[in-house]
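Notes follow the structure.
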2 protein chains.
Amino acid sequence: MTRDEIAGLLERRRLSVTAQRLEIAELVLEKPQHLSADQILAGMRARGSRVSKATVYNTMKAFSEHGIVRTVEVDPQRQYYDSTSAPHHHFYNVDTGELIDIPPEAVELDVKTGLPARTEPAGVDVVIRVRGVGS
Amino acid sequence: MTRDEIAGLLERRRLSVTAQRLEIAELVLEKPQHLSADQILAGMRARGSRVSKATVYNTMKAFSEHGIVRTVEVDPQRQYYDSTSAPHHHFYNVDTGELIDIPPEAVELDVKTGLPARTEPAGVDVVIRVRGVGS
DNA sequence: TTCTATGCAAAGACTTTGCATGCTG
DNA sequence: CAGCATGCAAAGTCTTTGCATAGAA
């Protein structure tokens with residue numbers, strides 16, 4: 001994804017385009033991945049971009065609120081940001097902490113219960129926990 | 001659930017039987033529910049039992065490691081302990097934070113993808129997020 | 001120029017830990 | 001009586017916030 005494409009993405013959501021947001025997006029959206037705030041911060045440092053921790057949190061919060069990324073709750077210790085914002089599911093390796101995407105077509109789900117009264121659907125998350133050394 | 005039944009439950013798992021554990025279990029296992037550590041602490045206070053926060057955390061950790069309760073990760077801010085340890089799923093109201101059980105029979109799940117290499121299944125969690133005032 | 005983003009450090013929420021004391025087995 | 005559980009406070013993580021400065025529109 002080029003800088004211009006990312007800039008357009010931000011503009012479409014009325015998010016102001018800043019150097020930090022461009023660089024964070026570049027890093028995060030580079031490929032399908034699951035990153036914690038600290039990993040993003042480390043990645044920024046590694047590529048020579050200086051950003052504060054607060055900006056990483058603020059930016060990722062804005063990105064997730066605007067559908068650019070998704071958050072994944074599996075680890076009680078920290079939040080993960082998922083660069084794939086389209087609906088999909090996950091394998092979660094409880095031993096290694098590794099998260100692996102499952103394409104939505106690979107999961108067939110049939111819920112035979114109505115939604116709670118006066119609520120509307122907001123999304124479905126399937127997490128398949130696995131144990132082992134992983135690949 | 002009587003005190004004796006709970007005591008037997010603890011003994012079977014080789015957990016030593018203490019007054020605090022009996023009372024926490026009595027409170028938590030009273031009915032199907034989802035409680036945070038703070039809610040458990042408040043519940044203990046309300047019933048006139050004095051326990052420290054550390055003991056609540058230690059006890060619930062022991063209980064979850066021994067299959068007496070389950071933990072639910074949906075709220076990035078805190079962990080919930082689910083008094084229903086048998087497999088089941090959840091509705092999660094993102095507006096109110098409310099968690100509602102879904103019996104396992106009500107969910108039919110077919111995953112057409114193999115597990116990651118060298119891993120074995122450890123459980124499946126389906127979380128259906130809903131929005132609204134709730135019932 | 002006006003409003004929002006950034007950076008830093010401080011504050012906050014939740015959870016864990018260290019250690020002395022008490023209770024279980 | 002040996003060993004684990006408890007309580008308290010302190011320490012630790014992750015995340016948010018306050019405020020002054022810098023940058024976007």
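Lettering of chains follows the sequences in order, A, B, ..., and the numbering in each one begins at 1.
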### Message
Between the side chains of A:D95 and A:R129, is the shortest nitrogen-to-carboxylate-oxygen separation below 4.0 Å, so that they form an ion pair?
### Response
no

#### Entry: Nucleotide nearest A:S16 (side chain, heavy atoms from C-beta), chosen from C:dT4, D:dG7, D:dT17
C:dT4

#### Entry: Nucleotide nearest B:Q20 (side chain, heavy atoms from C-beta), chosen from D:dG7, D:dC14, C:dG7
D:dG7

### Query
Of the nucleotides C:dC8, D:dT6, C:dT15, which one has an atom closest to the side chain of B:T18?
D:dT6

### Query
How close or far is atom P of C:dC23 from atom CZ of B:R50, stated in whole angstroms?
9 Å

### A:R45 with A:D38: basic N within carboxylate O range, under 4.0 Å
no

### Task
Provide, to the nearest angstrom, the distance between the CG atom belonging to B:L15 and the P atom belonging to D:dG3.
19 Å

### Query
Is a donor on one side and an acceptor on the other found under 3.5 Å between the side chain of A:Q33 and the backbone of A:V28?
yes

### Query
Roughly, in whole Å, what's the span from NZ in A:K53 to P in C:dT6?
17 Å

### Task
Flag the pair A:R47 and A:E23 as a salt bridge only when some basic side-chain nitrogen lies within less than 4.0 angstrom of an acidic carboxylate oxygen.
no

### Task
Using a 4.0 Å heavy-atom cut-off across all strands, classify A:T59 as base, sugar-phosphate, or nothing.
sugar-phosphate

### Message
Taking 4.0 Å as the cut-off, does a side-chain nitrogen or oxygen of A:Y57 come that near to OP1 or OP2 on D:dT16?
### Response
no

### Task
Provide, to the nearest angstrom, the distance between the CD atom belonging to B:E11 and the P atom belonging to C:dT24.
12 Å

### Query
Taking CG from A:L22 and P from C:dT6, how many angstroms apart are they, rounded to a whole number?
10 Å

### Side chain of A:R21 - closest among C:dT15, C:dG7, C:dA5
C:dA5

### Message
Closest approach to the side chain of A:A54, judged atom by atom: which nucleotide of C:dA9, D:dT6, C:dA5 is it?
### Response
C:dA9

### Summary
Among D:dT6, D:dT15, D:dA25, the one nearest any side-chain atom of A:V17 is D:dA25

### Task
Quickly work out the A:R14 CZ to C:dA5 C1' distance and round it to whole Å.
18 Å

